[in-house]
2 protein chains.
Amino acid sequence: MRIGELAKATGTKAETIRYYEREGILPTADRTDSNYRDYSDNHLAALTFVRRARQLGFSMAQVRELLALSNHEDNPCQDIDRLVQLQLTEVERKIADLMALRDELGQMLRSCQADKIGECQIIGSLGRQSVM
Amino acid sequence: MRIGELAKATGTKAETIRYYEREGILPTADRTDSNYRDYSDNHLAALTFVRRARQLGFSMAQVRELLALSNHEDNPCQDIDRLVQLQLTEVERKIADLMALRDELGQMLRSCQADKIGECQIIGSLGRQSVM
DNA sequence: ATGCACCTTGTAGCAACTACAAGGTCAAGC
DNA sequence: GCTTGACCTTGTAGTTGCTACAAGGTGCAT
Ligand SMILES: [Zn+2]
Ligand SMILES: [Zn+2]
Ligand SMILES: [Zn+2]
Ligand SMILES: [Zn+2]
């Protein structure tokens, strides 16, 4: 398949696929006589893996690790578990941070009863250090 | 005050302060005879405002809007409310996304009972399209 | 006078793409 | 046969919000 088909099949822009190839995240593709990239089902599987990992919030560096690990079938699962657990912890931290933000923003919205910016509590609270 | 003091007072790196000035987010400072930036309390207040808004997740573009609005004391509060509400909605969307991620990662961790990567369910589930 | 902390400008790098520009290839339609 | 249009190629530059130098100037204590 050509890059456009692969792009459509995985919901990835062609430019991103080329970028992954440059970065060594995806193996290089064969070329047709006219120098078009020619992808196999293995490439489809690899790109699906990469995109899924990225959607799950893994960094490119982590994706590299996951790829390397997945090529060592005899290695213990622990190695993968560690990465997933790390990512889970990170996601939980982000959720906590965002929930604190949400609360602050909600409070700001409820706080202002003024109708001119001159007396706006929101503007006021932006100029003060956070207490949270 | 000099840039280092302002930096310490606001928990901002000096380089970031210069960057804000270049970007027009902060007004330029006076200069001493030796060309050092010389900040006033107004600058301190402005930088505090900016940093707080950034901590609350507002983009630089939104901070510019907030600053512009805060300088029009006669404008209605609605304009500010709109920005805060927008940001609140965005934060809520991110929380929902991250909670879905957290659930998927948790499920992946629980799913794998193998001890060799060859049979790892986690690796397997990365290669499949998400169902969620 | 020498060290050291601080300041100045300018430039380049980070992550993970995204967006061109300038040109080559290929099938369809007239 | 020729044009149109969709697709492909490479290479380079832009995005966001900083951060990290490098190379030099300043100010104060020892
Ligand atoms: Zn091995
Ligand atoms: Zn208000
Ligand atoms: Zn006005
Ligand atoms: Zn496993």
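All chains are named by letter (A, B, ...) in the order of the sequence lines, taking the proteins before the strands, and each is independently numbered beginning at 1.
The neighbour count for A:Lys116 NZ, taken as heavy atoms of other residues, nucleotides or ligands under 6.0 Å away, is above 12.
Candidate nucleotides D:dT9, C:dT8, D:dG17 were compared by shortest atom distance to the side chain of B:Arg18, and C:dT8 ranks first. Nearest nucleotide to the side chain of B:Asn35, out of D:dT9, C:dT8, D:dC18: C:dT8. Closest to the B:Tyr19 side chain, of the nucleotides D:dC7, D:dC18, C:dC17, is D:dC18. Which of D:dG17, D:dA20, C:dT8 sits closest to the side chain of B:Glu15 comes down to D:dA20. Closest approach to the B:Tyr20 side chain among C:dT18, D:dC18, D:dG27 is made by D:dC18 (side chain taken as heavy atoms from C-beta onward).
In this structure, A:Lys13 does not reach the C:dA16 phosphate: none of its side-chain N or O atoms is under 4.0 Å from OP1 or OP2. At D:dT9, none of the side-chain N or O atoms of A:Ser34 fall inside 4.0 Å of OP1 or OP2 (strictly under the cut-off). The phosphate of C:dA15 (OP1 or OP2) has no side-chain N or O of A:Arg54 nearer than 4.0 angstrom. Residue A:Arg31 places no side-chain N or O under 4.0 Å from the OP1 or OP2 atom of C:dT25. The phosphate of D:dG17 has neither OP1 nor OP2 within less than 4.0 Å of any side-chain N or O from B:Thr16. Within the 4.0 Å cut-off from OP1 or OP2 of C:dC7, not a single side-chain nitrogen or oxygen of B:Arg37 is found.
Checked for salt-bridge contact, A:Arg93 and A:Glu90 meet the test: a charged N lies under 4.0 Å from a carboxylate O.
The backbone N or O of B:Ser59 lies less than 3.5 Å from a partner atom in the side chain of B:Gln62, making a donor-acceptor pair.
The base of D:dG27 lies outside donor-acceptor range of the side chain of B:Tyr36, with no N or O pair under 3.5 Å.
Remark on DNA chain C: of its neighbouring residues B:Arg22 and B:Lys8, the 5'-side contact belongs to B:Lys8, judged by nearest-heavy-atom nucleotide. The 5' end of DNA chain C is approached more closely, in terms of each residue's nearest nucleotide, by A:Phe58 than by the other of A:Phe58 and A:Asp33.
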- Query: Given A:Glu104 and B:Arg52, is the salt bridge (charged side-chain N to carboxylate O under 4.0 Å, His left out) satisfied, shown in steps?
  - Reply: CA-CA 11 Å; A:Glu104 270 203 87; B:Arg52 180 115 175 74; 2.5 Å; yes

- Derivation and outcome, side-chain contact (heavy atoms from CB on, under 4.5 Å), residues B:Met1 and B:His43: CA-CA 10 Å; B:Met1 61 200 323; B:His43 286 98; over 6 Å; no

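B:Arg51 comes within contact range of the sugar-phosphate backbone alone, with a heavy-atom separation under 4.0 Å but no base atom that close.
Taking atom CZ on B:Arg2 and atom C1' on C:dT8, their separation rounds to 12 Å, with Å as the unit. Between A:Ile17 atom CD1 and C:dA16 atom C1' the separation is 15 Å, expressed in whole Å.
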